[in-house]
K.L.:
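Can you read through this structure? Questions will come right after.
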Amino acid sequence: MQDFQQDKDTAAREIKRMIFDVQSFISAVFKFKEPLGPGTNSELKLRIVEVKGGEAWQFTRASESENLQRGEAMKKLSEIIHGVPLSEAHVMTADRDLHCRVTKKGRVLLSRSKSNLNRDPVASRAHNREKDYPLTRFDSAKLLVVIGLADTQGDVKPTMRAKYRQVNEFLRIIDATLDDLKLEAIKPIELFDVGCGKSYLSFSAKAYLEATRGVEIKLTGIGRSEKIIQSCRRMTGSFGWDDSVAKFIASDIAAFKPAAEPDIVMSLHACDTATDEAMAFGVEHSARAILCAPCCQHELQSQLGTTGRNRAVLRNGILRERLADILTDAFRAQILRVMGYRAYVVEFIEPEATARNIMIRAVRASRAGSETAIAEYLDLRDEWVCTPYLANRLSGICPELI
Ligand SMILES: C[S@@+](CC[C@H](N)C(=O)[O-])C[C@H]1O[C@@H](n2cnc3c(N)ncnc32)[C@H](O)[C@@H]1O
């Protein structure tokens, strides 16, 4: 019988390299030819989870899971894959897959494929979290009382629990997004919350990132309700923050001219095309990251009409509405790719909490958008015979969009 040990060692090295690349690893499944121990089966699942103080590799066998730090995880994985005969493995990273199969004769067959799915390792990791809320990682008592999530005793108000969870999920995403940016080059960080409302999220982001990362966040909030902006200004006063570190401006997003260039533009649940205005604002000012959770969307629906090849879907009001939501977000993410961003569409909070749980997370890439991104955008546009608001909005700087 031929000795395939060398092939096995090469495959094991490649598998380990993919699994311990913290920036891109998503998950892995191993099937072995024997059970992994008494009372367990022959399957092992691995993924990265967020735990206090960073990431851990979670090993799941049958219904038992254990989280291990990098060094221990490497040791354990080596013990398992060198100790029990492997049957197959599938490793997924952000941009590629590796399939490994070991034949009965011990031959190692490897197949590698590039993933054309936009998998966001940051979001999948945030979903795999332990119940450790970012708002508990620092002294957030004053923040929670001032922004109205907690009562004067410091307890989260029952009516604000959903918002409390939403803020925590958002903090995980902005925290991980900061890892994607070259932090040292952009200190202090200019954070713009456009369509800020009561600014629960951006006040929390400033307090959390400053407390846990030692960075300085300069916050600018923009909203069109003068009354709400006044209440945000009162809150900045309660924190003892002056205009140089947190300012709030009553303005329509489209009319707003920033005094400083934004590093991060965030906009959560700003109505209809206000999300497009927020994205256009980010792109036009070369923001390094854009985080938008869209709200209600009406603009594209009217363009879709009720006739044509897809009339069986479009004639049904509910389906047309949902389809328009999906297409609007698909267009937005694709336009951001055309504009040179790495854009991901993720669920940032569980769907039970709110139906508006989609977030478009975009990080400016080092290269301009590719011809493929433009071609994919044009295919989508031509398929649905419509021109999204954001395309019109950005056509001045990117005429290919219309
Ligand atoms: C649903 S609230 C969300 C507030 C906040 N972002 C949050 O998630 O808690 C939407 C806010 O966006 C503001 N808004 C909507 N369209 C806007 C526009 N075009 N310009 C400025 N503010 C806008 C509204 O006044 C409102 O306060």
Side-chain angles (χ1 to χ4, degrees), residues 134-135 140 143-144 146-150 156-157 159-174 177 191-208 217 219-236 246-258 262 264-285 287 289-300 325 328-329 332 346-351 353-361 388-390 392-394:
L135 283 169
S140 60
L143 167 79
L144 296 179
V146 171
I147 65 176
L149 291 188
V156 176
K157 296 175 188 167
T159 52
M160 298 308 271
R161 289 212 166 275
K163 196 77 195 176
Y164 179 80
R165 275 202 304 279
Q166 188 199 60
V167 170
N168 277 292
E169 298 311 323
F170 177 71
L171 292 181
R172 289 181 210 285
I173 290 184
I174 197 166
T177 301
L191 173 64
F192 281 68
D193 185 357
V194 291
C196 61
K198 292 184 181 161
S199 307
Y200 299 103
L201 293 134
S202 47
F203 276 129
S204 303
K206 175 169 166 61
Y208 169 74
I217 303 286
L219 171 61
T220 305
I222 300 125
R224 63 177 166 203
S225 159
E226 180 69 51
K227 201 167 146 210
I228 298 178
I229 289 294
Q230 293 285 1
S231 81
C232 292
R233 288 188 189 135
R234 279 193 295 278
M235 287 190 263
T236 52
K247 57 174 171 285
F248 286 86
I249 297 152
S251 167
D252 201 275
I253 302 167
F256 178 70
K257 301 272 176 288
I264 303 178
V265 171
M266 57 182 278
S267 180
L268 278 88
H269 299 144
C271 327
D272 200 12
T273 53
T275 297
D276 300 292
E277 290 295 347
M279 289 178 171
F281 173 80
V283 170
E284 284 169 346
H285 295 282
I290 300 173
L291 304 174
C292 285
C295 188
C296 50
Q297 290 154 3
H298 308 294
E299 198 268 333
L300 203 72
D325 283 358
T328 304
D329 290 338
R332 286 169 170 160
V346 300
E347 277 191 327
F348 86 106
I349 189 160
E350 62 272 25
T354 165
R356 307 279 175 210
N357 71 335
I358 293 288
M359 169 167 288
I360 299 175
R361 189 179 89 84
Y389 186 92
L390 187 57
N392 280 321
R393 188 61 187 70
L394 290 173

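For reference, positions follow the sequence shown, starting with 1. In listed order, ligands and their atoms are each counted from 1. Heavy-atom basis, side chains included; hydrogens, waters and symmetry copies ignored.
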K.L.:
Measure the distance from atom 5 (C) of ligand 1 to every protein heavy atom, then report the residue, atom name and distance (to 0.1 Å) of the closest one.
P.N.:
C196 O, 3.2 Å

K.L.:
Without swapping roles, check the side chain of S267 against the backbone of C292 for a donor-acceptor pair under 3.5 Å.
P.N.:
no

K.L.:
Quick check on side chain to side chain contact (heavy atoms under 4.5 Å, CB included): which of L219, T220, I174 does S202 satisfy it with?
P.N.:
L219

K.L.:
Checking the N or O distance criterion of under 3.5 Å, is ligand 1 in contact with G195?
P.N.:
yes

K.L.:
Only pairs at least two apart or in different chains count here, so list each salt bridge (Lys or Arg N to Asp or Glu O under 4.0 Å) that has a residue in residues 191-206.
P.N.:
K206-E210

K.L.:
Can you pull out the closest protein heavy atom to atom 20 (N) of ligand 1? Residue, atom name and distance to 0.1 Å, please.
P.N.:
I253 N, 3.0 Å

K.L.:
Can you measure from OG1 (T177) to CE (M266) and round to the nearest 0.5 angstrom?
P.N.:
11.0 Å

K.L.:
Treating R233 as the side-chain partner and F248 as the backbone partner, does any N or O pair qualify as donor plus acceptor under 3.5 Å?
P.N.:
yes

K.L.:
For atom 3 (C) of ligand 1, what's the nearest protein heavy atom and its distance?
P.N.:
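The answer is L268 O, 3.5 Å.
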
K.L.:
Give a yes/no verdict on whether any heavy atom in S199 is under 4.0 Å from an atom of ligand 1.
P.N.:
no

K.L.:
For Q230 and K227, test the side chains for any donor-to-acceptor distance below 3.5 angstrom and give the result as yes or no.
P.N.:
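K227 and Q230 do not have a side-chain donor-acceptor pair below 3.5 Å.
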
K.L.:
Report the nearest protein non-hydrogen atom to atom 2 (S) of ligand 1: residue, atom name, distance rounded to 0.1 Å.
P.N.:
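Its nearest protein heavy-atom neighbour is H269 O, 3.8 Å.
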
K.L.:
Would you mind telling me if ligand 1 is within reach of the side chain of S251, the backbone, both or neither, using heavy atoms under 4.0 Å?
P.N.:
backbone

K.L.:
How long is the span from the CG atom in L143 to the CE atom in M235, to the nearest 0.5 Å?
P.N.:
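The CG atom of L143 sits 10.0 Å away from the CE atom of M235.
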
K.L.:
Tell me which part of V194 gets within contact of ligand 1: side chain, backbone, both or neither, using heavy atoms under 4.0 Å.
P.N.:
neither

K.L.:
For ligand 1, which atoms sit closer than 4.0 Å to a heavy atom of A274?
P.N.:
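In order of numbering, the contacting atoms are 16 (N), 17 (C), 19 (N).
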
K.L.:
Taking only non-hydrogen atoms of E277, do any sit less than 4.0 angstrom from ligand 1?
P.N.:
no

K.L.:
Which residue holds the protein heavy atom closest to atom 9 (O) of ligand 1, what is that atom called, and what is the gap in Å?
P.N.:
K163 NZ, 2.9 Å

K.L.:
As a check for students: among K227, R224, M266, identify the option with a heavy atom nearest to atom 14 (N) of ligand 1.
P.N.:
R224

K.L.:
Can you find a protein heavy atom under 4.0 Å from atom 11 (C) of ligand 1?
P.N.:
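Yes, there is a protein heavy atom closer to it than 4.0 Å.
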
K.L.:
Which ligand 1 atoms, with their elements, are less than 4.0 angstrom from a heavy-atom of L201?
P.N.:
7 (C), 8 (O), 9 (O)

K.L.:
Which of the atoms in ligand 1, numbered in the order shown and given with their element, are less than 4.0 Å from a heavy-atom of G197?
P.N.:
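Listed by number with element, the hits are 4 (C), 27 (O).
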
K.L.:
Kindly state if atom 26 (C) of ligand 1 has a protein heavy atom within a strict 4.0 Å cut-off, that is, under 4.0 Å?
P.N.:
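Within 4.0 Å of atom 26 (C) of ligand 1, no protein heavy atoms are found.
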
K.L.:
As a quick check of understanding, evaluate ring-ring contact (aromatic ring centres under 6.0 Å, His included) for F170 and Y208, giving each step before the final call.
P.N.:
CA-CA 11 Å; F170 177 71; Y208 169 74; over 10 Å; no

K.L.:
To the nearest 0.5 Å, what is the distance between CD1 (I253) and SG (C196)?
P.N.:
9.0 Å

K.L.:
Got a second to check how far T273's OG1 is from Y389's OH, nearest 0.5 Å?
P.N.:
4.5 Å

